[in-house]
Amino acid sequence: MTSAQKPAQSNTTLNNSRSQHILSGFVSGFASSALLQPLDLLKTRIQQSPASTLRSSWQELLLTDISNVQNTRDSTFKVLRKLWRGTLPSVLRTSVGSGLYFSTLHSMRSYIQKHSASSTTSTTSSVKTSSVLPQIQGYANLLTGSFARGAVGFVMMPVTVLKVRFESSTYVHSSLFQTAKAIYNAHGVRGFFYGFGATFVRDAPYAGIYVWVYEYTKSIAPALLLRSPFAGQLTTVDDASQVLSSPLSVVVNSICAGFSATTAVTLSNPFDTVKTRMQLFPDRYGTNMWTAFAAILREETGMRGLFDGLGLRAVRKGLSSGIAWCLYEEMIRSS
């Protein structure tokens, strides 16, 4: 092979790698978003008003426009349709966003692993792992996760605003186009970025904490399993590999993802509540994140109001992260 051919092959491998990460992220984001949309919708309904509860939001879905329907099957179908309201913008945001996020995150972590003398791969090469992704230091996971999520969040912000408006019961729009038109007529292009400050402060730390905890728990999980009754199941892909074989890696990655998501969600939920209020009621809460914080604390239920929807968000994020990251890692492993 000539020297001229080597760079070409290297570039092709790099492009294929990026394409695979984008595709894997897209598929994993699509699957988790479509399956768990009802939880996201109910979370939005709870956060739209301090008076909203899970019970009242559920009753609203059951009662509205169903009282006149005589057929039980039709009634059930209407409820299901309402639970998946807003699925299109949600799936679009999550699938495209996940593809961009996973690809960006992998590129950053690969670069750091390649150029860092303190890469964890040099010290843990003999330890079994459930992952084939780049291994870097904890602080680097925190920073790369935060940066990648913040950048992708800005790009996908208009879709996020459309999703929140369409899911809410405060606005009655028959289509996404009508929703987009109403936002533009009332607030211009700026309206599609309402709540970005709160979204960034929520998403960037969330992603950083998530990646940090996720990678750490994955690094200690095999050692914990060695002390458990499942020690005999710690088989690897082959004799030369330290990567755990499926389905054990699926279980480890899913549990670590769920735990990491629950931890990060709890810490970032106040910003999620502020973001939702700003996007639904920009005239009331303004466009300044700290003004919205003060309004919720002063006029509503204090600190408790900042944690509206935490239970549903924690359940949804735990499940979605378990599905998305597990599916993503398995697709990368098999590529």
Side-chain angles (χ1 to χ4, degrees), residues 9-35 91 94-116 119-122 124-125 127-138 140-142 144-145 147-149 151-152 207-208 210-222 234-238 240-261 317-335:
Q9 185 182 38
S10 176
N11 289 337
T12 300
T13 302
L14 180 61
N15 290 334
N16 288 340
S17 176
R18 287 176 178 171
S19 299
Q20 184 62 37
H21 282 276
I22 291 175
L23 177 61
S24 300
F26 181 93
V27 172
S28 62
F30 182 95
S32 63
S33 178
L35 288 172
V91 166
T94 306
S95 58
V96 175
S98 293
L100 293 174
Y101 172 69
F102 281 125
S103 176
T104 303
L105 182 63
H106 177 74
S107 297
M108 295 172 66
R109 295 177 68 196
S110 296
Y111 179 86
I112 292 174
Q113 183 187 53
K114 181 179 179 180
H115 293 85
S116 175
S119 172
T120 58
T121 54
S122 62
T124 62
S125 58
V127 178
K128 290 182 173 65
T129 177
S130 63
S131 178
V132 295
L133 301 180
Q135 303 296 303
I136 57 178
Q137 296 296 317
N141 282 320
L142 178 67
T144 54
F147 181 84
R149 186 64 177 266
V152 173
Y210 175 87
V211 176
W212 190 357
V213 176
Y214 179 62
E215 291 298 331
Y216 175 74
T217 52
K218 283 196 304 179
S219 70
I220 65 173
L234 292 181
T235 57
T236 54
V237 175
D238 52 58
S241 173
Q242 293 301 317
V243 179
L244 297 177
S245 57
S246 297
L248 187 59
S249 64
V250 173
V251 176
V252 171
N253 291 339
S254 297
I255 292 175
C256 292
F259 175 78
S260 304
K317 281 290 188 180
L319 292 173
S320 67
S321 296
I323 295 171
W325 278 82
C326 179
L327 183 57
Y328 166 71
E329 291 223 34
E330 289 303 307
M331 289 183 67
I332 294 300
R333 179 206 294 264
S334 62
S335 63

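Counting begins at 1 with the first residue of the sequence. This one's a predicted model, so the numbers in the text were calculated from it and none came from an experiment.
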Do side-chain atoms of E215 reach the backbone of V213 as a donor and acceptor pair under 3.5 angstrom?
no
I'd like to know if the side chain of S32 reaches the main chain of G29, judged simply by a donor and an acceptor atom lying under 3.5 Å from each other, with no hydrogens or angles considered.
yes
Check whether S254 reaches the backbone of V251 with its side chain - one donor and one acceptor, N or O, closer than 3.5 Å.
no
In this structure, CD1 of I112 is separated from OG of S107 (nearest 0.5 Å) by 11.0 Å
Could you tell me which non-hydrogen atom of T104 sits nearest to which non-hydrogen atom of A148, and how far apart they are?
CG2-CB, 4.0 Å
Plane angle bin for Y210 and Y214 - parallel if under 30°, tilted between 30 and 60°, otherwise perpendicular
parallel
Measuring from atom OG1 of T217 to atom CG of N253, what distance do you get when rounded to the nearest 0.5 angstrom?
9.0 Å
For the side chain of R149 and the backbone of A207, is there at least one donor-acceptor N/O pair under 3.5 Å apart?
no
I'd like to know if the side chain of S334 and the backbone of M331 have a donor-acceptor N/O pair within less than 3.5 Å.
yes
I need the minimum non-hydrogen distance between S321 and A261, along with the two atoms involved.
OG-CB, 3.4 Å
State the NZ-CD1 distance between K218 and I255, to the nearest 0.5 angstrom.
13.5 Å
Between S110 and P134, which heavy-atom pair has the shortest distance, and what is it?
OG-CG, 3.4 Å
When rounded to the nearest 0.5 angstrom, what is the spacing between OH in Y216 and CG in L142?
15.0 Å
Quick check against the 3.5 Å criterion: does S24 have a side-chain atom that pairs as donor or acceptor with the backbone of H21?
no
To the closest 0.5 Å, what do you measure between CH2 (W212) and CD (Q137)?
11.0 Å
With a 3.5 Å distance limit and no angle check, can you tell me whether T144 reaches the backbone of N141 through a side-chain donor-acceptor pair?
yes
Over all atoms of both residues, closest heavy-atom pair of I136 and A140
CD1-CB, 3.6 Å
So, do W325 and F102 sit near enough that their side-chain heavy atoms are less than 4.5 Å apart?
yes
When you measure from the side chain of S103 to the backbone of G99, do you find a donor-acceptor pair of N or O atoms at a distance under 3.5 Å?
no
Distance col, row I220:CD1 vs C256:SG, nearest 0.5 angstrom, shows 7.5 Å
Shortest non-hydrogen contact from G25 toward Y328
N-CD1, 3.9 Å
